[in-house]
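Read the structure below first, then the notes.
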Number of protein chains: 2
Amino acid sequence: MDNFTFYAPTLYEFGRGSEEKTGMLAFLTGSRRVMIVYGQKYVKTNGLLDRLRMSLDAIGIEVVELGGVQPNPVDSLVYKGIELGRNRNIDGLLAVGGGSVIDTAKAIAMGIPYKGDFWDFFAGKALPKEALPVGVVLTVPGAGSEGSGSTVITREETHQKLSVRTDSLLRPRFAVLDPELTFTLTAWQTSCGIVDMMSHILERYFTSTRGVEVTDRLAEGLLMSLIDLAPKVLADPTDYNARANVEWASTLAHNGLMGCGRKEDWSSHAMEHELSALYGVTHGAGLAVVIPAWMAFMAHHKPSKVAQLGRRVFGVEATDDRSAAIEAVAQMRAFFSAVLRMPLTMKALGVDEPDIDELVSRLHAHKGDELGSYYRLTPADTRQIYELMLDESQRASLAEKEAVSGQMSA
Amino acid sequence: MDNFTFYAPTLYEFGRGSEEKTGMLAFLTGSRRVMIVYGQKYVKTNGLLDRLRMSLDAIGIEVVELGGVQPNPVDSLVYKGIELGRNRNIDGLLAVGGGSVIDTAKAIAMGIPYKGDFWDFFAGKALPKEALPVGVVLTVPGAGSEGSGSTVITREETHQKLSVRTDSLLRPRFAVLDPELTFTLTAWQTSCGIVDMMSHILERYFTSTRGVEVTDRLAEGLLMSLIDLAPKVLADPTDYNARANVEWASTLAHNGLMGCGRKEDWSSHAMEHELSALYGVTHGAGLAVVIPAWMAFMAHHKPSKVAQLGRRVFGVEATDDRSAAIEAVAQMRAFFSAVLRMPLTMKALGVDEPDIDELVSRLHAHKGDELGSYYRLTPADTRQIYELMLDESQRASLAEKEAVSGQMSA
């Protein structure tokens, strides 16, 4: 077990009607003039935004609005938010939505007090020293940004999808989690969220650190509960307890608890970020394609932890690690496909002609020659993993191209 | 799942050598003149206290010392600490020890700024409105007070063992957790600590709240890891990873995470507190006697959750709940006895002639006519549970007394 610091001071207000406390929570965390950041018009038309404005007004907090956040949130709206926030002299942000909205709010929160270009933080050119307080009213569980100190933003011009993490500045001061606000999510949104939660657990579960029994068991418990809950919440989107448990799992998957004392991996996320940036695929759906491919590669190169996952979470009985790992991959694919109705190949993801050269080259340009910590992946490895995401027709076409290129170079 | 607020802002500094950061952490949380509270002379003779003083001195923090905390900490030392702290004008406390030391420091922290008698808070006559900041350097994992908002103090004159809980005031600002500081704990101390941790999980696990799948799975994961780790840490007290995992489990068992969204029970603790208060038994050892008796009672009155524990944690295969619950009790007793070498009866606990009338009467005087929430226990129920803690000879003697009393009243 590695040394660690764990500091997670977000206040979670969880349950039916908890959004009524938003004004009080924003006030108690020091905000008097708040920018509400949101995405779809939906939160306006369903009355949520009005209810929140009333809660803020009642305690004397002024409100500025910034709508229009899209999935895979982009830098242009962050620039717009920074300008608006400075002009209106805001002293706090309230993100109303899911990960994209929260990440946009966090980037604006760092950008407003910073004299330079906020992208400096994402490009690694500067470290944030201050940020306005961010509060959250969560409507789309999955990204876990409501309890994390991270934000991920895409630079439109260059298709770069990069992240900043600083627990002391970017963890939300409070997060309002009302499961009823998630009743109207579609099956697709729900499933993408569940894959994202599972990925946050798995990126920490797959570690080279030994002696991390407690966190392993917690991670396995969260995964088992999500596997049990998924069919319930998909069968009845208004099942309060199922929605509530999924939402709380989402937060715990990514608030740092699952990573205590261990090196984290994050290579699946890095590989998926390139897919999102190049082809605009939904993050959760992209992860459903990447994770089993990554696990299948590991079944042959370092099966131990994949085998443990198989045995403890999926009840796999094989005694040798490689067989248990291969069976774990099959079970994970079956769950993603049969229960969550997620794509399992690039083709099913809508990427008909993936440019694997470009994906590998961008990935290692962003992440260096090797990535991951459970197993260090070289460009040859990541190429192989991307190839494991192709369907049969794509593989045949790739083989044909390689044969041609082999003939040409021969 | 019930509505809840979860706010756990304690900063955990975990790992080898983490106590070197104590001065910095105390300084950052606002302390300039600190009272170090400790128990045994051991922390003085092994050099820990000197190292902590150096760390505090180096950053300009003045130090006052208060030693002599005993297990089942008492009010007299709290009064002494309040007086000393006021005279020396301290502005923070540093608890160096286990639960008794931390609980004493918390009581002093509430008492110093309060104009009345600090016992008012425990007697329910007043609510604490402020408290000095408390930091912790943990040397005995188990009680979980390093991450909780509770304190338990015994009033010597009346043998009352009562608690106060206020998350906003009493959660430590920081907790330094260095597993190497626990290497010298005896097998008895280690085992008592593990029972205490398991009890903190079980008091929350046994709930009447439905739809709490995520927290159930987390609780089961923590219990499984403790059951795996216990033989390792007892076989090799200097096994760093085993000690580290046990210590982190101790904190997570009691920082509130396991209770999110559910009614908690706490009747086993209430029953044990009477044993400690009347007979001075060690809390963890007392719990090893109380918990299986409580579970055995539930196997016959409300077996469902005991059965789930048996199936998921101990691998019990019985399909009907009562059989599964009875088997779970047997497995729990076997673990406490064969692995942890804990007593399982009042007799083995050193209470040769328990006064069950007195225990039941004091219990319900403190807790009201009914206690617990998984199953509401009447005085007739708690009497039955206390009787389940008797060994055969004690049971025979009890039966004899009852026969005599029956004859006399006839």
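Each chain gets a letter, A, B and so on, in the order the sequences are listed, and its residues count up from 1. Small disclaimer: the values here were computed from a predicted structure and weren't measured.
Using a 4.5 Å cut-off between heavy atoms, A:L229 contacts chain B through its side chain alone, with no backbone atom that close. For A:E220, no part lies under 4.5 angstrom from a heavy atom of chain B. For A:F174, no part lies under 4.5 angstrom from a heavy atom of chain B. For chain B, the nearby part of A:A8 is the backbone; its heavy atoms alone come within less than 4.5 Å. The part of A:L252 that comes within reach of chain B is its side chain, from C-beta onward, which places non-hydrogen atoms under 4.5 angstrom from that chain.
The candidate from A:G221, A:C260, A:S225, A:G261 with the greatest count of non-hydrogen atom pairs under 4.5 Å with chain B is A:S225. Counting heavy-atom pairs closer than 4.5 Å to chain B, the top-ranked of the candidates A:L218, A:T10, A:L223 is A:L218. Ranked by heavy-atom pairs shorter than 4.5 Å toward chain A, the options B:V246, B:L222, B:L226, B:T5 are led by B:T5.
Of all the heavy atoms in A:R217 and B:D228, the pair that sits closest is NH2-OD2, 3.0 Å. Heavy-atom minimum distance, B:V214 versus A:A249: CG2-CB, 3.9 Å. Of all the heavy atoms in A:N245 and B:E213, the pair that sits closest is OD1-N, 3.1 Å.
Between B:F4 and A:F14, the ring planes are parallel. Angles under 30° get that label, and only those over 60° would be called perpendicular.
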Subject >> B:L257/A:L257 under side-chain contact (heavy atoms from CB on, under 4.5 Å): CA gap, chis, key distance, verdict >> reply: CA-CA 11 Å; B:L257 189 66; A:L257 190 66; 3.4 Å; yes
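Around the CZ atom of A:F27, the shell of radius 6.0 Å holds no more than 12 heavy atoms that belong to other residues, nucleotides or ligands. Crowding of A:E20 atom CD: a count of heavy atoms from other residues, nucleotides or ligands under 6.0 Å not exceeding 12.
Taking 4.5 Å as the limit, every side-chain heavy atom of B:F6 sits out of range of all side-chain heavy atoms of A:E13.
The CG atom of A:N3 sits 11.0 Å away from atom CG of B:L177, with the distance rounded to the nearest 0.5 Å. A distance of 8.0 Å separates CZ in B:R312 from CE in A:M224, rounded to the nearest 0.5 Å.
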